[in-house]
Number of protein chains: 2
Amino acid sequence: MDQAKQTFRLYLQEKGFRKTPERFAIFDEIYASNQHFDVELLYLKMKEKKYRVSRATIYNTMELLLNCNLIRKHQFSRNVTQYEKSFGTSQHDHVVVADSNEVIEFCDPRIESIKKTLEDKHKIKISHHTLYFYAEKSSPTSNT
Amino acid sequence: MDQAKQTFRLYLQEKGFRKTPERFAIFDEIYASNQHFDVELLYLKMKEKKYRVSRATIYNTMELLLNCNLIRKHQFSRNVTQYEKSFGTSQHDHVVVADSNEVIEFCDPRIESIKKTLEDKHKIKISHHTLYFYAEKSSPTSNT
DNA sequence: CTTAGTGCAAAACATTTGCATCGGT
DNA sequence: ACCGATGCAAATGTTTTGCACTAAG
């Protein structure tokens with residue numbers, strides 16, 4: 001279960017980056033939870049726990065974790081970059097719900113079939129995709 | 001061919017918004033071109049042509065044009081919001097092909113059906129989506 | 001005449017950067 | 001001891017906001 005951290009450790013090793021306590025503390029904080037998060041949330045959670053890291057260091061570490069595929073980056077809205085841990089999690093897509101900070105994750109096989117159709121039709125090889133649905137909660141109230 | 005502008009005019013009319021020259025000038029600038037753009041580009045292009053509008057007014061107008069579906073909004077990167085005109089075009093998606101500056105546009109009904117499934121399952125109303133496939137040309141000869 | 005819309009500048013905001021200090025190696 | 005990494009604060013760049021003025025209705 002410590003495989004993710006081991007991956008991180010190896011990555012730092014191989015790239016010749018230093019294994020600082022801050023980097024592992026940030027890693028631990030991220031991997032201790034399953035929710036999506038942004039840098040500010042991480043900063044506040046760590047501050048709460050009296051673990052002092054600067055935002056600059058968090059931003060730096062996010063870059064490292066992205067490069068070794070231990071987190072995924074999302075741009076749900078224009079003002080905040082969100083992340084999620086990604087070790088051992090399967091590919092999924094997202095529905096961003098307005099007016100509630102909710103993000104629904106889903107996985108639908110029809111996407112794979114669309115992909116196959118496109119590959120055949122255009123003689124291409126699709127490596128990956130990004131799909132976001134943007135929604136709001138359907139309210140029973142009417143509006144003019 | 002002036003239908004898009006007519007749509008805008010009607011929208012303003014019905015909502016009781018004023019038909020200011022700035023709004024139509026911005027509309028014209030957008031509809032005179034086919035490229036994706038951001039607010040700053042629009043601002044500079046209009047300045048170039050000696051048409052003086054403030055950025056604030058452009059931002060305001062973008063909101064109006066979005067509401068009457070005359071433009072679409074994209075968040076390709078975290079730092080700039082991009083737009084494209086959208087009159088009469090149905091929602092289309094893109095396949096970005098590497099190694100050639102090619103972008104394939106397509107529209108697949110299965111996306112609509114995925115959307116419906118999600119709306120029913122989560123009691124939400126999906127307003128729009130963004131879907132990008134990233135591909136490369138599959139070479140017929142060399143095949144690892 | 002009324003008041004929505006405008007331009008301008010300042011504010012807000014997330015992220016980046018510069019620099020002195022700290023600490024992994 | 002060296003120099004990469006850190007913390008802090010200032011800088012950056014986009015979008016929003018406040019306010020006095022202009023002009024659409």
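Just so we're on the same page: letters track the sequence lines, and every chain starts at 1.
Across C:dT6, D:dT17, D:dA5, the shortest atom-to-atom separation from the side chain of A:F17 is found for D:dA5. Nearest nucleotide to the B:V39 side chain, out of D:dT6, C:dG5, D:dT15: D:dT15.
Atom OH in B:Y59 sits about 5 Å away from atom C1' in D:dT15, given to the nearest Å. Distance CD (A:E63) to P (C:dT15): 11 Å, rounded to an integer number of Å. Atom CZ of B:R55 is separated from atom P of D:dG18 by 20 Å (rounded to the nearest Å). Straight-line distance from the CG atom of B:N79 to the C1' atom of D:dT12: 11 Å, rounded to whole Å. We find that OH of B:Y83 is positioned 9 Å from C1' of D:dT15, with the value rounded to whole Å. With rounding to whole Å, B:Q82 atom CD is found 17 Å from D:dG13 atom P. Put simply, CD on A:E14 is 15 Å from P on C:dT25, counting in whole angstrom units. Rounded to whole angstrom, the span from the OH atom of B:Y43 across to the P atom of C:dT6 amounts to 15 Å.
A tilted orientation is assigned to the rings of A:H129 and B:F133, their planes being inclined by 30° to 60°.
Salt-bridge annotation for B:K115 and B:E112: present, with a side-chain N of the basic residue lying under 4.0 Å from a carboxylate O of the acidic one.
B:R78 has no side-chain polar atom (N or O) that falls below the 4.0 Å cut-off from OP1 or OP2 of D:dG13. The phosphate of C:dA14 has neither OP1 nor OP2 within less than 4.0 Å of any side-chain N or O from A:T81. For D:dG7, one of the phosphate oxygens OP1 or OP2 lies less than 4.0 angstrom from a side-chain nitrogen or oxygen of A:T57. Considering only side-chain N and O atoms, A:N60 lies nowhere under 4.0 angstrom from the phosphate OP1 or OP2 of D:dA5.
B:R9 forms no cation-pi arrangement with B:F27, by the criterion of a distance under 6.0 Å to the ring centre and an angle within 45° of the ring axis.
For A:F24 and A:F8, the ring centers sit closer than 6.0 Å to each other.
One side chain, A:R110 or B:T117, offers a donor N or O that lies under 3.5 Å from an acceptor on the other.
At the heavy-atom level, B:D38 lies nowhere under 4.0 Å from the strands shown.
If you find the closest nucleotide of DNA chain D to B:V80 and to B:K19, the one lying nearer the 5' end belongs to B:V80. Along DNA chain C, the nucleotide nearest to A:Q75 and the one nearest to B:S54 differ in position, and the one closer to the 5' end is contacted by B:S54.
Evaluation of atom-type donor-acceptor distances gives a pair under 3.5 Å for the side chain of A:R18 against the base of D:dG4.
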